[in-house]
Amino acid sequence: MTVDEQIVTEAPAAYLERYGLMLLIRLFETEMQRLFLKGEVHGTTHLSAGQEAVPVGVCSALAPDDYLAGTYRGHGHALAKGTHPDALLAEMLGRVTGVCGGRAGSMNVIDAEHGLVGCFGIVGGSIAAATGAALAAKGQGRVAVAMFGDGATNHGYFHECLNFAQVLALPVVFVCENNFYGEFTPMLKVTAGGDIAGRAAAYGIPASVVDGNDLWAVREAAVEAVARARSGGGPTLLECQTYRHHGHSKADPAKYRPPEEVERWLARDPLGVAKARLAELGVSEQELSEVEETTRARMEQAVQSALAAAYPDPAGETATEFAP
Amino acid sequence: MTVDEQIVTEAPAAYLERYGLMLLIRLFETEMQRLFLKGEVHGTTHLSAGQEAVPVGVCSALAPDDYLAGTYRGHGHALAKGTHPDALLAEMLGRVTGVCGGRAGSMNVIDAEHGLVGCFGIVGGSIAAATGAALAAKGQGRVAVAMFGDGATNHGYFHECLNFAQVLALPVVFVCENNFYGEFTPMLKVTAGGDIAGRAAAYGIPASVVDGNDLWAVREAAVEAVARARSGGGPTLLECQTYRHHGHSKADPAKYRPPEEVERWLARDPLGVAKARLAELGVSEQELSEVEETTRARMEQAVQSALAAAYPDPAGETATEFAP
Amino acid sequence: MSAGAALEFRVAIREAIVEEMERDESVVFFGEDIAAEQGGVFAVTPGIQERFGTERVFDTPISELAITGAAFGAAVTGLRPIIEIMFGDFMGLAMDSLINQSAKYWYLSREQRSVPLVVRSAVGGGGRFGAIHSQTHATWFQGVPGLKIAFPSSPAEAKGLLKAAIRDDNPVIFLEHKRLYSVKAQAPAPGEVLPLGQARVARPGRDLTIVSAGKGVPDALEAAGQLARDDRIEAEVIDLRTLRPLDIDAVLASVARTNRMLAVEEGPATGGWAAGLLGIVAEHGLHDLDDVWLLSTDELPIPYSPTLEDAFIPGAAAIASAVRERAGVVVGR
Amino acid sequence: MSAGAALEFRVAIREAIVEEMERDESVVFFGEDIAAEQGGVFAVTPGIQERFGTERVFDTPISELAITGAAFGAAVTGLRPIIEIMFGDFMGLAMDSLINQSAKYWYLSREQRSVPLVVRSAVGGGGRFGAIHSQTHATWFQGVPGLKIAFPSSPAEAKGLLKAAIRDDNPVIFLEHKRLYSVKAQAPAPGEVLPLGQARVARPGRDLTIVSAGKGVPDALEAAGQLARDDRIEAEVIDLRTLRPLDIDAVLASVARTNRMLAVEEGPATGGWAAGLLGIVAEHGLHDLDDVWLLSTDELPIPYSPTLEDAFIPGAAAIASAVRERAGVVVGR
Ligand SMILES: Cc1ncc(C[n+]2csc(CCOP(=O)(O)OP(=O)(O)O)c2C)c(N)n1
Ligand SMILES: Cc1ncc(C[n+]2csc(CCOP(=O)(O)OP(=O)(O)O)c2C)c(N)n1
Ligand SMILES: [Mg+2]
Ligand SMILES: [Mg+2]
C-alpha cells in the first residue's frame, strides 16, 4: 500500500479520534491560561492553541515506541505522543503527581514511557535530542522526530544536526512548526532567504511545505517522511505552516501582529478545518459531539485530579544528584 | 569600470607582484617546515602551501584598512594582508619580536595594524570575527573577509553567521578554502549535499565556485564580492577549490589521500599556474627571476632576523589581565 | 549613594544603556527581541531602538554563537557592543567566542586592541522558570582570565555598574537577577559610575561577615536586620559587586575585624564562587579566622514546583538561621 | 595497583574503550577524526573502527553542538556513547547540551532515565599549543550538578577511571592531560575498574598534604621526592581523581594528620577548583589547619613561547619551592 492509499483508505473514525486529540490539546491550553490567571500555573507558559494539527498529524504517523523531542511550547507535543493529560497538567501545576513530580514544569517535560524524549527549553535543543535518539532508533527499528519553531532554523543546532543526520542517514524527521514568529520578532525579519523548507536543499535532505492547520495534510506528509526514515532513507524536513492563537508566552499580548493576519489565521482554525472535513467524510454531528463531550470530560477530570494533588514535600524528596 | 574591465585592464606588473607574494607564502611554509624539524617552531603548525592563490587573490581586492579574519592555517592569510614576514616568523619561533611578542604562536596571530583581526584556532571562529568586524566596517566604509575551510561549513558558526550577515546586509565576504579535507576526513564524507557554494542559497546569499589555484579567478571573484559588499549589497560566499600540499598539521603524513589525487593537484600548483599565465601576458623570464630573487632574499632576511631575536624573558613581561 | 527618586531595577539598566549610548556613539546594542516594542522578555529595554535607530539597536536571529562572535569582532574594530543573551542559562551557547576570542585578545595581541563588550543576561531562581531558565552562569566563566563578571544587588548598583561595564575596555559579563527587576529603591546620584572590582560594605557590623552578590545581598541585609533585632548579632554585609576580579582585600579587611565569615551563593557549593572565595580568604587570612562557612544550594538542578524551589533557594530566613545555628552561641549577646 | 607490563597512557585509554565496547554492545564511540587511520590527533584510538565497525565507531562533521546533543539523545534512548571533543578548549561549544540536557535529565525526569555518556578531551598546557589549545575545562563545568568530572594522573588511573566512566550511568567529563599521553608506567590489574568520586593517597607523608589532579599528581610526587631527599619534608600527595564529585572526606582525613595543605592547579586561582577545595576544607576542618595555600597560574591566558609557557605552568620544581618557601621552616627537619 502506498502512503497515499494508506491515508485515503483509512476510516473516518481514525480522524475523528485525532480530532478529539486536537480538541484535548486546545482545551488543555485553555485550562492552562485560566489556571495561570488563577495563580495555579507558575513562572511562565507557552501555549500552542492554533497549532494542534501539527503534533497530532505527526504523531499519528508514529508507533508508540518511536521517539519525539518537543519544545517549551510542548503541551501539544506531549499529549499527541501519549502523555496522560492528568500527569501533564499536574506537572504544570507543580504537583507531586506530575509526570516529573513537579520538578520539570512547563518547559522541560519528560515522559520516557511514551517515547517523549523531552520538551526542551533551549531553542534547537529538541533538534539535537531527536538526532541523538535517531542514532539509537536506527538499531531499534524506530524513528525519531524533532519538533521546533521557525526561529530555531537560524540556530547552530539546526544546521549541525541536519548535516549530521543526513551524513549518517539517520531515521529522523525534522518538523518545523512555522508559526511566523519567534517571540515578538517576525520570521521574515530574521530568516535570511525567507524559506525554511528550502534550507533542506543545503544538505540534500528532502523537504516540503505543509499546511500545518490541516490534519490530513500534516499526517500525509508525516507518514511519507516516517516511512522514508524507517526504511533507511534518512531524514526529511517538514515545514508545517501554522499560527499560534496566543502570544509567545503568558506575558505577551501579541500586539505586534497585524489584526488582519490574526483574523485570517483564526478563520483557518485547525479545529474548524478538521470539523468541516469530517463532515464531508460523512461523520455525523452526533458522532462529533460525542467525541467533544468525552474530551471535555477527560479534560475536566484532569483538572480535578491535578488540583486535588499535593505539592511535593521538600522534606520528603529523595532526589539524588547521580544515578546509582 | 566594471569588475571585468578592472581585472582585464590591470597591468601584468600588478600580477607579477602578487605572484611574488604567493611565492613568499610558499617559501614561508617551506621554512616553517624546516624550522619545525629543527625544533625552532614549537607545538604544531598548519601549512598552507598549495593554497596561496586564495589569500593573495582575495586580499588583492581589499584596501589596506579592510578587515581579514583568518584561521590556524593562517600564515598565508597574514602575509597576504600585509603582516611583515619577519614579525610573523618571529612569532612562530616564539620570539619577542614576533607580531604578538611570542604570546600567540602559529594558530592565534593578530595584526591589527594591517587589518588582520586575527587568525582563529577554533574552526568557524574566523567567520564570527569577520561578521562582527563587518558590523563596524559598515559605518567605516570598509569590508570584512572571513577565511575558513570546507570543514567549517558544517559548523554552527557558519550557519548562524551567514544568516546573521545577510539579515543585516553586512559588508562581508565569506571565503571558503575548500581543500577537500578537514584534518584526515574527506569533505564529502561529512558534508551532506556535497556542495558548499550551494549552501549559500539557504540564506539568499550569492555564491560561486572559484578555481582556487588560479590567482586571476580568485581575484576576479573577490573584486566582485568586495564591490558588492562595499556598495551595500551584502555578503557573498566564495568557494575556492584548492588543495594543501602537506598534511593537516606537522604530525600528519596525509597518507589518507589517493596518490593520483595528490598528483593531479600538484600538477596544478598555483605558482605554476600563475607563472604560465604571466608568461602568456608577456612577462619575461628575467622579470620573473628578479621577483623570485627579491622574494627569496626577503624570506632569508626574515629567517635571519627571527632566529637572531631573543625569547621573551618571563621576568620582564609586563602583561596585565585587563586593559586599563 | 546620594538621595534621589525611587528607581526600578529594570529602569536603572535601561537608563545606564541610554546614558552611555548618548555619551558615546560607538556603543551599540543588540540581541533577541530587545528592540521589539516589549523591550525584551523582562521589559527592560523598550524605547531604546526608537531613540537610537535601527543601526545602533537591533533584534537578531536566535543565534547565540553569531551574536557573541559578532560582538567580539565588532568590539575589536571600533564599536562598543552591549549584547543581551536573554537568560544566563543560554550562555553555554555563547561561551566559545567569549572565552576563546574576547577574553584572550588583549593578552594574545600583546595589547594591540582591547575588547570593550558587555554581555547582559537575566539569571537566578525563584521565578518558577524551572531548571533551564534559572541558573546563574557566573561560575562557568569565573575561572577565565580576561573576563570581568559584574553582579549588581540593587537599582543604584545596577546603574552604576552597568555604566562602568559599558565604559570598561574589557569584556564584562553582566548578571541581572530576575527577582530584582521589579525592585524599587533609591536612585544613584546623576552620572554615578561605580568601580568594577571593588566590593562595598553594604552594612557594617562587628560579629561576623556575610559575603554575597546580586540577590544574595538584599537577602543578607534582611537577615542581618533580623539578627540585629532578634539575636543582637551585628553582621557586616559585603557586596562583592564583581565575581571577577574578586576584591579579596575588602573581604580580608572585614574578616580581620569580625573573624567569622559566611558566604552566601545561590548555587551549589562544589565549583561555586563562594567556596573559592573562602579558599582564597583562608589562604591569606587563616589566622584571622575563627570560623568560615557556606550557605549554598543542594547539588541538584533548580526545581520548578513552588514548594521545591522555595526550599531550594537560600533566602533571608535561611541566612539568618545559618548564622544563628553556627555562630549564635559564640557571637550572640 | 598490581604489577604489570609498562602501559602508555594513550594505550590505556584505547584499551579501556576496547574492553568496554567488547563488554557492552550498547557502547558507541564517535567524534572528529577519531576513526580515521590516525585515531585522532593524539593517535589515541587507531584501529577501533576496524574492530567494531562503522555503526559503532564513526567520524563526525566538525559540529560540537551536534556531537554532544546527539550523544545526549542517544544516551537516553539506549546507547552508551563515548564522544571525543578533541581539545578541552572546544568544550565551550559543547557546553549547552551537557549542562542543559545531560546534566539535568536524571533529576528533571524524576529518575525516568539516566544519561550514560562520556566526553573525552585532551587538556592542559606545556605542549606549545598556545592559548586556545591548552586550557583545562574542568572549572567551566565543576559547578554543574549532575556531571561527573574525572581527571586521571597515570596510565593505570586512566584505564581504570575511563572504564568506570563508561560503566557509569551519569554524564562523565573525562580529561586527558596531553603531556601524559606518552607517559609509560605500570599497567593495572586486568579488568580493574576504579571508583569515581574517591580520591587516593598517591604518597603518604606526615608534614603536609599536597592535593592535585591529572598532570599535577606526577608533578607533586616528583616534588615530594625532592622534598624528602633534600629537605627531609614528608609530603602526603592526594590524587583527587574526580573534580566532581569532590572527595572532601579523603582530603579532610589527610589534613587532620598533616595540618597543612597545598592545592596545585594548572589554572588561575580565581574561579579554580583548587581555591574551592581549600574553601570547603576550611569550612569543615578549620581547626585542623595550620596553613593552607594554592599554587596556581597567573590570571592570564596560556602563552605560546617556550620561555613564557615554562614559567607559566607550575611543575615539580615550582611545587617543591612553594613548599620550601611557605612551610620549609615550620615542617622541615
Ligand atoms: C537558545 C535559546 N535562545 C533563546 C531562547 C528564548 N526563546 C524562547 S522561545 C523563543 C522563540 C522561538 O521561536 P520559534 O523557534 O519560532 O518557536 P515558537 O516559540 O514560535 O514556537 C526564544 C527566542 C531560548 N529558549 N533558547
Ligand atoms: C571547533 C573546532 N573543532 C575542531 C577543531 C580541530 N580542528 C582543527 S583544524 C580541523 C579541520 C578543519 O578543516 P577545514 O575547515 O576544512 O580547514 P583546513 O584545515 O582544511 O584548512 C579541525 C577538526 C578546531 N580547531 N575547532
Ligand atoms: Mg515561531
Ligand atoms: Mg579543509
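In what follows, chains carry the letters A, B, and so on, assigned in the order in which the sequence lines appear, proteins first and then strands, with residues in each chain numbered from 1. Please read all numbers here as calculations on a predicted model, not as lab measurements.
- The minimum heavy-atom distance between B:Thr131 and C:Ala70, with the atom names listed, is CG2-CB, 4.3 Å.
- Contact of B:Leu168 with chain C is made through the side chain alone, with heavy-atom distances under 4.5 Å.
- Highest contact tally toward chain B, considering only C:Gly78, C:Ser114, C:Gly146, is held by C:Gly146 [criterion: heavy-atom pairs under 4.5 Å].
- Contacts with chain C were tallied for B:Gly101, B:Gly102, B:Cys161; B:Gly101 has the most, counting heavy-atom pairs under 4.5 Å.
- The greatest number of non-hydrogen atom pairs below 4.5 Å with chain C, out of B:Lys138, B:Glu91, B:Glu113, is found for B:Lys138.
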When you look at C:Glu111 and B:Arg103, which way does the side chain to side chain contact (heavy atoms under 4.5 Å, CB included) test go after all the steps?
-> CA-CA 11 Å; C:Glu111 297 93 27; B:Arg103 292 180 187 169; 2.9 Å; yes
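- Looking at C:Lys104, neither its backbone nor its side chain comes within 4.5 Å of chain B, counting heavy atoms on both sides.
- Atom CD of C:Glu25 is surrounded by 12 or fewer heavy atoms from other residues, nucleotides or ligands within 6.0 Å.
- B:Cys100 approaches C:Gln112 most closely through the heavy-atom pair SG-NE2, 3.8 Å.
- A distance-only check finds no donor-acceptor pair linking the side chain of C:Asn170 to the backbone of B:Phe322 [under 3.5 Å].
- With rounding to the nearest 0.5 angstrom, the OG1 atom of C:Thr77 is 6.0 Å from the CD atom of B:Gln140.
- When side chains are defined from C-beta on, C:Tyr107 does not count as touching B:Glu321, because their heavy atoms never get closer than 4.5 Å.
- At a threshold of 4.5 Å between non-hydrogen side-chain atoms, the residues C:Pro61 and B:Asn163 count as touching.
- Interatomic distance, C:Thr60 OG1 to B:Phe164 CZ, rounded to the nearest 0.5 Å: 6.0 Å.
- You'll find the side chain of C:Phe30 reaches within 4.5 Å of the side chain of B:Leu135, heavy atoms only.
- Between chain C and the residues B:Ile122, B:Ile127, B:Asn108, the most heavy-atom pairs under 4.5 angstrom are made by B:Ile122.
- The contact between C:Glu55 and chain B is made entirely by side chain atoms (from C-beta outward), counting heavy-atom distances below 4.5 Å.
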Under the side chain to side chain contact (heavy atoms under 4.5 Å, CB included) rule, what do B:Phe158 and C:Leu65 come out as? Steps first, then yes or no, please.
-> CA-CA 10 Å; B:Phe158 172 84; C:Leu65 287 168; over 6 Å; no
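- Minimum heavy-atom separation, C:Ala74 to B:Ala136: O-CB, 4.2 Å.
- Of all heavy-atom pairs spanning C:Asp169 and B:Ala323, the tightest one is CB-CB, 4.0 Å.
- At most 12 non-hydrogen atoms from other residues, nucleotides or ligands lie less than 6.0 angstrom from CD of C:Glu37.
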Is there a side chain to side chain contact (heavy atoms under 4.5 Å, CB included) between C:Asp96 and B:Tyr157 once you walk through the steps?
-> CA-CA 10 Å; C:Asp96 176 62; B:Tyr157 270 127; 2.7 Å; yes
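- Nearest heavy atoms, B:Ala129 versus C:Phe72: CB-CE2, 3.8 Å.
- Between the side chain of C:Gln101 and the backbone N or O of B:Gly125, at least one donor-acceptor pair lies under 3.5 Å.
- Counting heavy-atom pairs under 4.5 Å between each of C:Gly69, C:Pro171, C:Ser63 and chain B puts C:Ser63 at the top.
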